[in-house]
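Heavy-atom basis, side chains included; hydrogens, waters and symmetry copies ignored.
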Amino acid sequence: MSVVNRDQDQESDQPRPQPRLGRQASWFEGEDEAQAERGGLFVGVVVDRALDAVLTYRAPQRLVASIQLGQRVRVPLGRNGVVTGYCVSVDLLPPEDLPPSKIKDVVEILDAVPLIDARMLELTRWMAGYYMCSWGQALDAVVPAGVRNQAGTRVGTFLVVRPEARQAFDDETLQKTLTAKQTAAIEALCRSDELLTVSDVCRRAKCGAGVIKTLRDDGLIHTVKRRLSLAASRNDEPAAGEPTAAPKPPPAMTPEQAAAMAALTPALDGDAFAPFVIFGVTGSGKTEVYLTAIERTVARGREAIVLVPEISLTPQTIRRFRRRFRRVAVLHSHLSDVERHRHWQSIAQGEIDVVVGARSAIFAPTRRLGLIVVDEEHESTFKQETVPRYHARDVAVKRAQLENTPVLLGSATPSLETWRNAELGRYARISMPSRVEGRPMPAVEIIDLRNEKHLTGGLSETLRLAMHQALDDDGQVILLLNRRGYNTFVICPKCGQVVKCRHCDVAATYHKNRHMLICHTCDAERACPPACPSCQAPVLHYGGIGTERLEREIRMEFPFHESRRMDSDTMRRHGSHEVTLAAFKSGDVKILLGTQMIAKGLDFPNVTLVGVVDADVALHLPDFRAAERTFQLVAQVAGRTGRGNRPGRVLVQSFCPEHPAIANAARHDYEGFVRYELPTREAPLASPYGRIVRLVARGKDEARVEKYLNELAKTLRAKAPPGVRFWGPSPTPILKIREEFRFHLQIRCASAAPLRTMLRDLPLHPPPNKVDLAVDVDPISML
DNA sequence: CCTGATTCCTTT
DNA sequence: AAGGAATCAGGT
Ligand SMILES: [Zn+2]
Ligand SMILES: [Zn+2]
């Protein structure tokens with residue numbers, strides 16, 4: 001057991017330092033004067049509600065000595081009773097415009113040690129302003145639940161000998177007044193270096209609890225409460241079976257890697273904000289550059305945070321960091337509250353050099369941050385789709401700015417926002433255009449599905465043939481199809497209606513293994529209807545190919561080659577991911593098929609063929625980033641082959657092979673794609689040329705939702721500064737989700753400031769009852 | 001004039 | 001956000 005922090009002492013006789021208050025009570029009058037004369041400090045408190053104000057409370061005398069910035073406190077709030085909030089400021093005087101009679105007292109301090117520091121307070125305040133949420137909501141995103149409820153700790157009661165009694169015991173005057181058992185108990189307490197509980201003392205002094213009660217009643221000893229960590233052992237790290245290999249000497253650098261390090265080194269050794277974009281093709285060795293940069297950071301006694309998309313947080317990735325660094329914390333989304341709390345504590349304690357994690361790892365409470373790395377910077381999973389709707393990459397840049405550190409944004413296919421920032425010189429660009437060991441980029445062939453005769457089970461003849469060849473040559477095959485399920489729609493041939501989810505305006509997907517229709521939006525299931533729900537026609541047509549159907553096709557076509565499907569249906573159990581990848585790596589499995597989770601950061605030297613079954617999946621979605629996402633996915637997958645000594649082949653099936661997203665991805669030509677895509681964004685003020693705020697109203701009463709958003713749009717339009725443009729209001733692409741109708745309004749402007757001023761008093765136009773309004777700054781999802 | 005529902009208002 | 005007060009619609 002170890003004491004992790006000091007909690008409220010119950011009967012501590014330590015004198016409390018008196019607050020030194022420069023009393024300038026001249027403007028206190030009458031009864032307010034009495035209030036003010038009670039002394040204390042005035043603290044700004046942000047409550048964990050959607051309440052957009054800092055409320056002032058008074059810390060009474062008994063709390064004055066312990067109140068600190070970043071602690072959580074319990075405060076009375078209106079008629080709601082007592083609520084929890086964060087202390088964000090401590091002042092000698094309350095704000096002048098606040099009648100002192102309204103100021104209430106802080107009831108209790110929850111954390112002996114503040115959960116966050118001043119820099120984190122500043123970061124969250126920025127988030128609240130930028131993403132238009134309350135400060136309290138931003139703080140809630142930063143401090144994990146496990147830390148808030150101190151998961152894995154408990155409060156223990158310990159015995160302490162009062163100083164007078166101890167003195168008397170040391171002088172051996174006390175002993176005369178005590179029985180033998182009592183003396184033994186006091187002696188046990190005085191001799192122990194650590195705090196002892198009642199049962200500890202009983203064991204050591206071989207006495208009963210009654211003896212201790214007598215000593216307490218006589219005032220010779222008293223009790224003290226301390227919060228303890230339950231398991232002091234930290235042997236959950238590293239993962240089982242994972243030898244903590246001695247740090248390996250880094251491999252020799254390629255000229256490009258060396259050049260990248262040369263560009264980074266001054267920033268890594270300095271103390272200034274320095275944003276970089278590392279634009280490196282897949283296989284160019286970006287990760288080695290990150291590792292070397294982190295090494296340099298750690299060597300000067302600073303910590304590094306590495307952000308990686310959740311799906312890339314594979315054992316392979318984690319191993320790479322553990323091999324190189326001793327004190328690594330990995331923060332993935334499946335940690336328990338206790339594990340998360342323990343990691344938070346060790347990071348805050350300075351016991352960790354490198355934090356690797358997904359989105360929320362950007363809030364890791366490092367002590368002396370020296371570097372932030374955001375790998376796969378373009379990934380949309382860095383955007384949180386619930387309040388606060390922050391983008392971890394952008395928060396990373398802001399945090400780097402506040403903490404004066406370099407930040408590295410790495411990608412083979414940078415987001416257009418980041419690319420433009422580099423073009424404008426806001427970010428320094430480091431290019432790594434060639435692969436390590438001079439390996440060529442794989443040849444990518446596009447299969448024009450319009451010319452393919454037989455397209456059974458999603459596979460063209462060309463792709464089938466290529467698979468046979470690859471497998472006959474003892475190579476391995478990866479097939480990507482970014483659609484789960486067996487059939488992606490069920491349609492009535494008579495009336496043309498698609499069977500929809502009962503609660504959403506979405507076509508239901510047929511899952512054969514469960515023989516059910518499942519909604520991919522709300523996960524609701526429904527039985528396969530015996531007849532058309534609209535016109536009662538008895539026969540329904542099942543169409544559209546998902547991974548489950550593709551798997552069946554592969555099993556039939558290649559019965560003697562082991563295949564494995566990897567999507568969120570087959571990877572439900574924790575660890576199955578790892579098992580499947582291990583089976584593929586060992587060569588037992590020859591064909592790996594699945595959704596985009598197979599496209600990330602995996603390195604299989606024996607893969608000689610990668611097939612993209614339907615490159616058009618995301619291309620026609622009603623979203624200005626549809627082409628960008630299609631390009632990114634195809635380009636990422638194309639980089640997954642030819643990493644070993646054998647040359648790789650990539651086949652991409654598409655109905656629109658000449659689309660620049662697909663054609664440029666096939667040529668591994670990022671800049672070619674950018675030259676096409678960027679100009680299409682400029683006129684409509686889409687990102688990166690325009691800043692976008694998206695307002696989404698939703699509710700069960702469709703007319704009510706629509707009416708509210710229309711009225712809101714009207715009032716906003718009336719006071720819109722020049723240069724602000726409105727898109728909508730219109731129904732969202734998915735009109736209904738979980739019985740709620742949704743309408744949205746996009747507001748775009750070349751710069752952020754007019755948007756901000758216009759929306760500053762959005763709270764003056766709140767939605768009516770049973771309608772909710774969501775404000776999404778820099779939206780990623782448009783559905 | 002009473003009842004339940006809905007909207008408004010405040011929070012330090 | 002959430003609770004209480006104020007207001008409203010409709011029935012006796
Ligand atoms: Zn029908
Ligand atoms: Zn649904």
Are A:His343 and A:Glu339 close enough, and set up right, to give a side chain to side chain donor-acceptor pair (under 3.5 Å), and what steps lead you there?
CA-CA 6 Å; A:His343 277 134; A:Glu339 292 169 313; over 6 Å; no

Quick one: do A:Gln401 and A:Arg399 satisfy side chain to side chain donor-acceptor pair (under 3.5 Å)? Show the steps, please.
CA-CA 5 Å; A:Gln401 201 179 69; A:Arg399 184 165 180 192; over 6 Å; no

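The separation between A:Asp91 atom CG and B:dT12 atom C1' is 14 Å, rounded to whole Å. If you measure from atom CZ of A:Phe42 to atom C1' of B:dT12, you get 11 Å, rounded to the nearest angstrom. Summarising the geometry, the separation between CZ on A:Arg49 and C1' on B:dT12 is reported as 15 Å, rounded to the nearest angstrom. Taking atom CG on A:Asn769 and atom C1' on B:dT6, their separation rounds to 7 Å, with Å as the unit. The nearest whole Å value for the distance from the CH2 atom in A:Trp135 to the P atom in B:dT11 is 21 Å. In this structure, A:Tyr708 places its OH atom 15 Å from C1' of B:dT7, rounding to the nearest Å. Rounding to whole angstrom units, CG of residue A:Asp772 and P of C:dA1 are separated by 7 Å. At whole-Å resolution of the value, NZ in A:Lys104 and P in B:dT11 are 8 Å apart.
A donor-acceptor pair shorter than 3.5 Å can be found between the side chains of A:His744 and A:Arg694.
For A:Arg79, taking side-chain heavy atoms from C-beta onward, the closest of the listed nucleotides B:dT12, B:dT10, B:dT7 is B:dT10.
Using cut-offs of 30° and 60° on the angle between ring planes, the pair A:Trp126 and A:Tyr130 is parallel.
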